[in-house]
Novice: 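Questions regarding the structure given below will be posed in turn.
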Amino acid sequence: MSAPADMPEKAYDHSQIELKWHTRWENADFYKAAKDSAKPKFYVLEMLPYPSGTLHIGHIRNYAIGDALARYKWMRGYNVLHPMGWDAFGLPAENAAIANQVPPREWTLRNIAAMKKTHRRFAFSYDWDREIATCEPEYYRWNQWFFLQMFRRGLAYRKKALVNWCPKCATVLANEQVVEGCCWRHDDTPVEQRALEQWFLKITDYADQLLDDMAQLEGGWPERVLAMQRNWIGRSEGTEVDFGLSDGGPISGPPIHVFTTRVDTIYGATCVILAPEHPLNERLLDASGVARAKAMVDTRAGRDPGDIEKEGFFTGRFAVNPYSGEKVPVWVGNFVLMGYGTGAIMAVPAHDERDFEFCTKYGIPVRPVIRPVDGPLEADPRQAFTEDGVVENSGEWSSLPSAEARGKMSAYAEQQGFGKAAVTYRIKDWGISRQRYWGTPIPIIHCPACGVVPVPEDQLPVVLPGHVEITGTGRSPLEQVPEFVNVVCPCCGAPARRETDTMDTFIDSSWYFYRYCDPHNDRMPFDPAEVAYWFEIDQYIGGVEHAILHLIYSRFFTKVMRDIGLVRNSEPARRLFTQGMVIAEGAKMSKSKGNVVGADMLAERFGADTARMFVLFAAPPEKEVDWRNEGAEGIYRFLGRVYRFVTRNLGRDDFPPPGEADRRVIRKLHQTLKKITGDFETRWHFNTCISSIMELVNVLYAEERDISSEAMCTVVEHLALMLAPFAPYVSQEIWDENGNEGPVFKQPWPSFDPELAKEDLAEIVVQVNGKLRGRIHMSFGTSEPELAAAAKADEKVRPFLEGKQVVKTIAVLDKLVNFVVR
RNA sequence: GCGGGCGUGGCGAAAUUGGCAGACGCGCUGGAUUUAGGUUCCAGUUCCCGCAAGGGAGUGGAGGUUCAAGUCCUCUCGCCCGCACCA
């Protein structure tokens, strides 16, 4: 049916509608959160952005998901906390400073202002009174405070260590920030190893807790993220064994510590291999050997381990297997990692693939000591047998199963004093020193007399100086600022030097969500009572790229804060949702490709409502979305369809009296409500929520001239309410045009009536041998035999039964009849 | 190699508990409105045969369980993501 010609219909003008409400909402405080014991609380949080200067469609997707949920929860009567802030420290600001001669602070604040404007344009429902920017002293003083608490507890410490150095960033990186041997921000730049005095946080003290507490997250966090964290922590149980050094005479000097998960194979160890960086090499090797070892380290840097052939050389020295007393040669091998276990291994070529490859290359003997449970010992193996089995040729341990042997042999080592059961972790302590300007100063003073002295808490914050020359070369820019560096020692008053390293910016984001609970507190990082009310975060939403960076650091911080007594929870977020990426026209968005879909362009061309709604419509939120302009135009058309429908029906005076059409429309309305409500409560498939609203609108178009004034009013009102979480502007406009008052997204969420949602008759699918042959309509609750009888009588079905014998009849209440015929 | 996930029309997808495969949207085709284009409205659109009524095939592939499988089981192929010489 075409649009009635006599009705004035308004064209959908997104810019006019959005501007109108944007102006009216500017100073409204709809989203302010405050403690309220009368309502259940709900803390919904999207990961805070880095203020790069512009929002793109990927951000919009993240916020659109959070916003839909926040608005829904408000409408369901929850007391919602929905804050936003800025991860404002970091290198791009310094790079911009070098490129454009703009101070990092100025550049950052300008970007924040621009992005906040875009945020507001999209009408995301944040409590802006709780906004934080991590580069402000009011915020980062608490980074310093946390650092001091950790320092006091021995959780922050300084050591000289080989660290990852990115030449492009001119700073150190944490292990988590090294991706395939390269810098996480420069995937073409291999990291170098440098020995530097660095500050570390002892995340390894919490390794077991980080692992064990994942049980609490099971079900609420994506399995993939938990798996990645488990993998990253890399807990591995085994045995540490000491091989004493001996060159024929008595054992002398410190032993070589070896870590193995397979002590049951130790009688098959035919050599000991040291990592090329192993400190013992200095003692065991002559000058040319040391040089060879160093060359190995250098050729390994930044390369894919799979591409490097195993190489090594004999040190000329021997070590003694403490179980067998056997003397085995000591080698240096390029495949032995200093960073894992003890940096030294025993090589058991018969039972380890890597050892097999190495030993056969150099003619080192292969000696099998494990036989399969159901077979004999392989005398001359062609490949390593790496499974558990039965121990053989191993003195008193022979004929024990592998697992049992491991337990007994570990205990024996401990009893004899040459080893012990041990657990190693892949995760290392978190290196937080950065030789950069735009970060939190580490609150430490180096005094020639007193050593490393923490800045007293009442002298916090240690403020970042404002005018600093940033050249991007050489050492930390802060070293060039005498008034920052030169201080007096808080202990003895003598001249001293301030620490010039700044903190990794992941410190900032490790606890920011607690600050939102009490953002203006100047006596503490936050009032524990506020946090106790709002925590845990009920729903955290962000990209999966933070699975082992931000998300593991912030879990660690929460546990430390709990141990300090600031919080009661052990985990920050009960539920985590990782949304899929947005790509543009089939290609990953990137600046270099020039295909970044910017948020302001979208607001201009399609409107905020359309842009938000399309990213929710294009795919379920966990999946990748391909942004396509034609797709967005579909949503634009749909919103226009809704808007025109509402406006052309509002002033009508020719409505028919209530009738059958009313029942059909109201039924569809309640079916739609049921579907959307169910999705918000469980799986968030907003794409199907939106498509169900489209179905409703299609029905409205079909029934437009046949429904009563009352039905029209009800349905328009509900349309506005259902669209409110997805498209706040146009739903508010409809709400308003319909004569309703107040903000639509602060109305109670409409409840659906299951009776009204129900069809009059059940549609029964009739199958013959599993093939669809007809449909019949019967009252709900009709008994199975009656269904079968009616189905058999159906004229579409009958031909398929004629001349056949019905051997079985399956009838399912209100659903289906299936005849099995022969 | 280990871990996590995914394969359904021309495209994005839907099918929530084993019960009508392809909802909804894009694109395309046709019609109406329009001087025309665009907009809007209506209809059609998995593939094959057929004017149609209708029939057959069909969810990466091969088997299996079942009255009934996109959904469960076994094997297999392909793709994506994460980790990876971790002793």
Novice: With sequence neighbours left out, write down each residue that passes ring pair (Phe, Tyr, Trp, His ring centres under 6.0 Å) with A:His351, or none if nothing qualifies.
Specialist: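 So A:His351 forms no ring pair (Phe, Tyr, Trp, His ring centres under 6.0 Å) with any residue.
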Novice: Check the orientation of A:His14 and A:Tyr636. Use parallel for under 30°, tilted for 30 to 60°, and perpendicular for over 60°.
Specialist: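 Because their plane-to-plane angle is over 60°, the rings of A:His14 and A:Tyr636 count as perpendicular.
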Novice: Just how far, in rounded Å, is C1' of B:C83 from CG of A:Leu549?
Specialist: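 Value for this atom pair: 13 Å.
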Novice: List, one per line, each side-chain donor-acceptor pair under 3.5 Å for residues 800-821 of chain A, sequence neighbours excluded.
Specialist:
from     : atom 1 : to       : atom 2 : distance (Å)
A:Asp814 : OD1    : A:Gly781 : N      : 2.7
A:Asn818 : OD1    : A:Gly770 : N      : 3.1

Novice: Which of the following nucleotides, B:C41, B:A15, B:C20, is nearest to the side chain of A:Arg644?
Specialist: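 Within the option list, the nearest is B:C41.
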Novice: Which comes earlier along RNA chain B counting from the 5' end, the contact point of A:Ala618 or that of A:Ile810, where each point is its nearest nucleotide?
Specialist: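 Comparing both residues, the 5'-ward one is A:Ala618.
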Novice: Does the protein touch nucleotides 25-32 of chain B at the base, only the backbone, or not at all? Give it as B, S and - per nucleotide, heavy atoms under 4.0 Å.
Specialist: SSS-----
Novice: From C-beta outward on A:Phe800, which listed nucleotide comes closest to its side chain: B:G3, B:G55, B:C24?
Specialist: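 Among B:G3, B:G55, B:C24, the one nearest the side chain of A:Phe800 is B:G55.
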Novice: Rounded to the nearest angstrom, tell me the gap between atom CG in A:Leu816 and atom P in B:G19.
Specialist: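 Between P of B:G19 and CG of A:Leu816: 10 Å.
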Novice: Pick the closest RNA chain B nucleotide for A:Tyr340 and for A:His685 by heavy atoms, then say which residue is nearer the 5' end.
Specialist: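 Closest to the 5' end, via its nearest nucleotide, is A:His685.
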Novice: Any N or O donor-acceptor pair linking the side chain of A:Asn818 to the base of B:C67 at under 3.5 Å?
Specialist: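 Under the 3.5 Å cut-off, the side chain and the base do form a donor-acceptor pair.
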Novice: Are side-chain N/O atoms of A:Glu695 and A:Gln671 paired as donor and acceptor at under 3.5 Å?
Specialist: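 Their side chains do not contain a donor-acceptor pair, so the 3.5 Å distance test is not met.
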Novice: Could you tell me whether A:Asp352 and A:Arg262 have a side-chain N and a carboxylate O separated by less than 4.0 Å?
Specialist: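 Salt bridge flag = no for A:Arg262 with A:Asp352.
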Novice: Under a 3.5 Å threshold, yes or no: a donor from one side chain and an acceptor from the other, between A:Asn321 and A:Tyr267?
Specialist: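 Absent: no donor and acceptor within the cut-off.
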